[in-house]
Protein chains: 2
Amino acid sequence: MEVKIILADDHKIIREGLKALLEKQQGIEVIAEAQDGISTVRLTKKLSPDLVIMDIGMPDMNGIDATRMIISETKNVKVIALSMHSDRRFVLEMLKAGASGYLLKDSAFEELTLAINTVMAGQPYLSPKITDVVIREYIHAPQKDEKSVFTTLTAREREVLQLIAEGKSTKQIASSLNVSVKTIETHRQQIMEKLNIHSIAELTKYAIREGITSL
Amino acid sequence: MEVKIILADDHKIIREGLKALLEKQQGIEVIAEAQDGISTVRLTKKLSPDLVIMDIGMPDMNGIDATRMIISETKNVKVIALSMHSDRRFVLEMLKAGASGYLLKDSAFEELTLAINTVMAGQPYLSPKITDVVIREYIHAPQKDEKSVFTTLTAREREVLQLIAEGKSTKQIASSLNVSVKTIETHRQQIMEKLNIHSIAELTKYAIREGITSL
DNA sequence: ATTAAAATAGGGGATTCCCTTATTGTTTAT
DNA sequence: ATAAACAATAAGGGAATCCCCTATTTTAAT
C-alpha cells in the first residue's frame, strides 16, 4: 500500500531534495508539492493524500493555519510538521491544530521515515528534542490559569498578524483574505489590545520573537 | 573530472536532500557536510574541496564570515551561497566575501547544477531574482563611490528610523525632535526610498538587522 | 563660488488608525 | 438545553498617517 504524500515548503530546492529522498523509499509516493499554505489546503482537498508534510514558516498562510483547515476539511489525512523551531508555542499550536507529528529540520532523514511509519500507523510522532519540550511544558503547566500570561491569539488573529508583520497593508490583507478592510482593522485592534501593544513596529517585533514572521 | 563538494547547512534533513540530488549527477561528489560555519572552515582547510555550497543562516559563525575565511585561507575553492534571503545586504556581503554564486532556496535544483557548472568554469552565477537586485542596485549607484552601495542613511535619518522602530508615532517623533510632523514624514519617505522598503513592519526588521533597535 | 546633499516643511487626497457598536455562528459551561 | 463567552465579521466617524509633489534654508564638498 502506497502512502500518498503532499509536500509543502516554500523553498523549491528543499522540496526537491525531500522528494528525492522520499522516492527512494518503498511504498511512498509524492503526489504533489505546494509552496504556500493556501495551495496546500487546496491540493489536499482535491487529491486526498494520506499525509501532508508541512513546513511551518510559509508565506500567505502559515503551516499552523493550513493544518487546521486541512484537518477540519479533509478526512483521513495526517499532517507532519517539519520546522526549524523547537519553540514550545509552535509545537503546541501545531498539535492543537491537529498535526500528528512534529520534526525538526535538523533531524536525519531516517527520522522522517520513522515518523511517517509511526503516524501512518495511527500514532503520534515527535522529534526527541520536541518531546523534551512538551514534557517539560506538561510538568509545570496545567495548574489553574496560566493562559493570561501568554495571551493567546486566535488562529485568524495570528494569520492577520503574520501578514501585518510581513509589511502588507490593511487593504492588501483584506483583499487577500477576501474580507472587508474594516474586519482586518478590527482584528488588528483586537491583537493590539490583547498584547498591549500600540504600534506596527512593536507588533512586528512581537511577531519576530514569536516566530510568526522572520527577519 | 569529479567536482568535490562540501555541503554546509544547519539543517541535516536539508543537507541530506541536497546530497541525494547532487549525487544523482555525473561528476559530482559530496565529500563532506557541515552544520555550522566553524566546521565548514575547518573541513574546507582539511579537505580542499573544489566547491562549498553554503547556507547563510547558520549558528556560531554565519555563512558570510565563513566564506570570507575560506576564501582567504584556502586556494582554488569556490563558494556558492544558498540563501532564503534576496535581501541585497546579504547578497552584497556574500559577494564581497568572495562567493562566486548566489542561489535562492526557492530555486529549482536544476539551477544549482547550472550554478555549479558555471562557477567551476570560472564564472560567477546569480539567481535571476538576485541578478535583478544587483542590477537595480548597480543602475542607480554611481561607480567609483563605494559607500553609495551601502545606501547610507544620514545621522538624522537613523535617529528617526530608530524612533519609528521603537514604535513611536510620527507625532511623538516630531515633538521629541522639535520639528514638524511633515519633516518626520519626509524623513520616513526618504528612508523608505533609500532602502526600497514600503512598510513600517519591514522598516522595523531592517532596523533590527542593522542593530538600530533591539527586539 | 558653484553644486550637491541634508534638513526643514507645506498641500492635498488616499489610507489607516482608533474607538465604538453590532450581528451571526460556534464553543463551553452549568 | 440554554445561557454565556468567544470568534469572525463589519460599519461609522474623526484623528492621524501615508504618499506624492514641491520648495526653502542650511551645510558640506569640489
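Lettering of chains follows the sequences in order, A, B, ..., and the numbering in each one begins at 1.
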Residue-phosphate contact under 4.0 Å: [X] side-chain N/O, [N] OP1/OP2:
| X | N | result |
| --- | --- | --- |
| A/Thr183 | D/dT9 | no |
| A/His187 | D/dT9 | yes |
| A/Thr170 | C/dC17 | yes |
| B/Lys182 | C/dG10 | no |

Distance check needed: [N] [atom2] versus [X] [atom1], whole Å only.
| X | N | atom1 | atom2 | value |
| --- | --- | --- | --- | --- |
| A/Ile164 | C/dC17 | CD1 | C1' | 11 Å |
| A/Ile191 | D/dA8 | CD1 | P | 10 Å |
| A/Lys171 | C/dG13 | NZ | C1' | 12 Å |
| B/Ile200 | C/dT15 | CD1 | C1' | 13 Å |
| B/His198 | C/dT16 | NE2 | C1' | 18 Å |
| A/Arg188 | C/dT16 | CZ | P | 9 Å |
| B/Ile184 | C/dA6 | CD1 | C1' | 13 Å |
| B/Lys168 | D/dT17 | NZ | C1' | 17 Å |

>> Within the supplied structure, the quantity of interest is the number of heavy atoms (other residues, nucleotides, ligands) at a distance under 6.0 Å from A/Glu110 CD; does it exceed 12?
In response: no
Is the closest basic N to carboxylate O distance between [X] and [Y] below 4.0 Å?
| X | Y | value |
| --- | --- | --- |
| B/Lys205 | B/Glu202 | no |
| A/Arg15 | A/Glu33 | yes |
| A/Lys19 | A/Glu16 | no |

>> Between A/Glu185 and B/Glu185, which residue's closest nucleotide on DNA chain D lies nearer the 5′ terminus?
In response: A/Glu185
Show each protein N/O and nucleotides 20-23 of chain C N/O combination with a separation under 3.5 Å, one pair to a line.
none

> Touch check for A/Ile173, heavy atoms < 4.0 angstrom, all strands: base, sugar-phosphate only, or nothing?
Replying inline: nothing
> Can you find a pair of side-chain heavy atoms, one from A/Asp10 and one from A/Asp36, that are under 4.5 Å apart?
Replying inline: no
>> Using the side-chain hydrogen bond (donor to acceptor under 3.5 Å, both in side chains) criterion, which residues pair with B/Lys78? Sequence neighbours excluded.
In response: none
>> So, using side-chain hydrogen bond (donor to acceptor under 3.5 Å, both in side chains) as the criterion, who are the partners of A/Thr170 when residues are at least two apart?
In response: none
